[in-house]
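Here is how names work: the chains are called A, B, and so on, in the same order as the sequence lines, proteins then strands, and each is numbered from 1.
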There are 2 protein chains.
Amino acid sequence: MVKCFPQELDQLFSALGEPVRRSVVRSLATGEKSLSALAEPFSMTMPAVMKHVAVLERSGLVRSEKRGRTRYCSLEPARLKEAQDWIAETVAFWTPKLESLARHLEASE
Amino acid sequence: MVKCFPQELDQLFSALGEPVRRSVVRSLATGEKSLSALAEPFSMTMPAVMKHVAVLERSGLVRSEKRGRTRYCSLEPARLKEAQDWIAETVAFWTPKLESLARHLEASE
DNA sequence: GATATAGTTTACCAAATGGTAAAGTGTTTC
DNA sequence: GAAACACTTTACCATTTGGTAAACTATATC
């Protein structure tokens, strides 16, 4: 299921472990946005927003492209799926224990 | 869907954004383990492992209990579901764009 | 072509993170 | 009850993180 390297999962999960960056991801889910449009909801300087976007780009969650003097950012949802897959796999590891517990309870009735 | 506070999502995702901690979570998915059992695969001192476990406990992913001189750690899979839900919601935000693109392509055929 | 706009670079800072070594505490076990 | 074991606490360290201010670059706009 998970196709990317552990190091990429590090970048992915820690990118999501920050409220500003999760907001940015949510904001981009509705379409591409410029850096200043992303910065607007937060009372934060441009360099700070740029650093968050850089973290998101390194994680593969976001890509950006400069057109004229504006840099447009957009979401790369394939990466979000990697995180989702890792969690799904972990839950799958865990679930058999629950099922065997259920069988055990049934058997002891 | 997501029932916990943003701050709890921070702790959750950044807890998962570290390879040792993801390994610990995977390791606990098969059942409870002592601190030294968790430490064994990593060439790491006990205090270091304790810090990782503390981060996991703060995130709600892990709980622990001391029996005799041994501390046993176990997974709290409900928290894993919170992370899963946040991602699912974000994908849900994003997906309508894909669908409208698909409709657009169909219409232009 | 002067001016405003959108972003970038540089230099800096405080606090958090991920680790260590060494000494201390409470349970077994012999 | 002495020794081994499983953790815990304390003190310390280097690096990373998340932010700032100020100066700079490139593109519109009037």
Side-chain angles (χ1 to χ4, degrees), chain A residues 5-28 31-75 83, chain B residues 5-28 31-75 83:
Chain A
F5 293 113
Q7 201 204 327
E8 298 177 290
L9 282 175
D10 295 350
Q11 294 175 327
L12 191 43
F13 279 116
S14 50
L16 293 174
E18 214 276 355
V20 171
R21 288 194 293 262
R22 276 201 312 285
S23 289
V24 166
V25 168
R26 278 286 169 95
S27 172
L28 291 178
E32 74 171 14
K33 288 197 171 54
S34 70
L35 285 182
S36 43
L38 287 175
E40 192 270 333
F42 312 100
S43 55
M44 209 181 281
T45 59
M46 197 75 96
V49 174
M50 286 183 65
K51 282 188 186 180
H52 284 304
V53 168
V55 171
L56 288 167
E57 289 203 68
R58 254 176 290 149
S59 80
L61 276 170
V62 164
R63 62 191 160 69
S64 73
E65 180 196 356
K66 198 159 179 179
R67 296 202 291 275
R69 66 184 169 182
T70 306
R71 177 172 296 281
Y72 293 96
C73 301
S74 55
L75 202 61
Chain B
F5 292 113
Q7 202 204 325
E8 299 177 290
L9 282 176
D10 296 350
Q11 295 175 326
L12 192 43
F13 279 116
S14 51
L16 293 175
E18 214 276 355
V20 171
R21 288 194 293 262
R22 276 199 313 283
S23 288
V24 166
V25 168
R26 279 286 170 95
S27 172
L28 291 178
E32 75 171 14
K33 287 197 171 55
S34 71
L35 285 182
S36 44
L38 287 175
E40 192 270 332
F42 312 101
S43 57
M44 208 181 282
T45 59
M46 196 76 96
V49 174
M50 287 184 64
K51 283 189 188 181
H52 284 304
V53 168
V55 171
L56 288 167
E57 288 202 66
R58 255 176 289 151
S59 80
L61 276 170
V62 164
R63 62 190 159 70
S64 73
E65 180 195 357
K66 197 157 180 181
R67 295 201 292 275
R69 66 184 169 184
T70 306
R71 178 172 295 280
Y72 293 95
C73 301
S74 56
L75 202 61

### Query
Are A/E65 and A/R63 close enough for a salt bridge, meaning some N to O gap below 4.0 Å?
no
#### Entry: Cationic N near anionic O, under 4.0 Å, A/E32 to A/R67
yes
Rounded to the Å, how far apart are [X] [atom1] and [N] [atom2]?
{"X": "B/Q11", "N": "C/dT17", "atom1": "CD", "atom2": "P", "value": "10 Å"}
{"X": "B/K51", "N": "D/dT15", "atom1": "NZ", "atom2": "C1'", "value": "13 Å"}
{"X": "B/E18", "N": "D/dT16", "atom1": "CD", "atom2": "C1'", "value": "13 Å"}
{"X": "B/M50", "N": "C/dT17", "atom1": "CE", "atom2": "P", "value": "17 Å"}
{"X": "B/D10", "N": "C/dA16", "atom1": "CG", "atom2": "C1'", "value": "14 Å"}
{"X": "B/M44", "N": "D/dC7", "atom1": "CE", "atom2": "P", "value": "16 Å"}
{"X": "A/L38", "N": "C/dG7", "atom1": "CG", "atom2": "C1'", "value": "13 Å"}
{"X": "A/R71", "N": "D/dT25", "atom1": "CZ", "atom2": "P", "value": "18 Å"}

### Query
Nearest 0.5 Å, what's the NE2-CG distance between A/H52 and A/L35?
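Between atom NE2 of A/H52 and atom CG of A/L35 there are 12.5 Å.
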For [X], report the nucleic acid contact type (base, sugar-phosphate, nothing); a contact means any heavy atom under 4.0 Å.
{"X": "B/S36", "answer": "sugar-phosphate"}
{"X": "A/R21", "answer": "sugar-phosphate"}
{"X": "B/T70", "answer": "sugar-phosphate"}

### Message
Side-chain N or O of A/R67 versus OP1/OP2 of D/dT27: is the shortest distance under 4.0 Å?
### Response
no
### Taking every non-hydrogen atom, the tightest pair across B/L38 and B/S27
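Heavy-atom minimum between the residues: CD2-OG, 3.8 Å.
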### Message
Suppose we call a contact any N or O donor and acceptor under 3.5 Å apart; does that hold for the side chain of B/R69 and the base of D/dC7?
### Response
no
### Task
Kindly say whether, by distance alone, the side chain of A/K66 makes a donor-acceptor pair under 3.5 Å with the base of C/dG7?
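Flag unset: no donor-acceptor pair detected.
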#### Entry: Minimum-distance nucleotide to A/P47 side chain [options: C/dG19, C/dA11, C/dT9]
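Minimum distance to the A/P47 side chain belongs to C/dT9.
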### Summary
5'-most contact on DNA chain C (nearest-nucleotide basis), B/M46 vs B/R58, goes to B/R58
#### Entry: Test log, rule side chain to side chain contact (heavy atoms under 4.5 Å, CB included), inputs A/V55 and A/R21
CA-CA 9 Å; A/V55 171; A/R21 288 194 293 262; 3.7 Å; yes
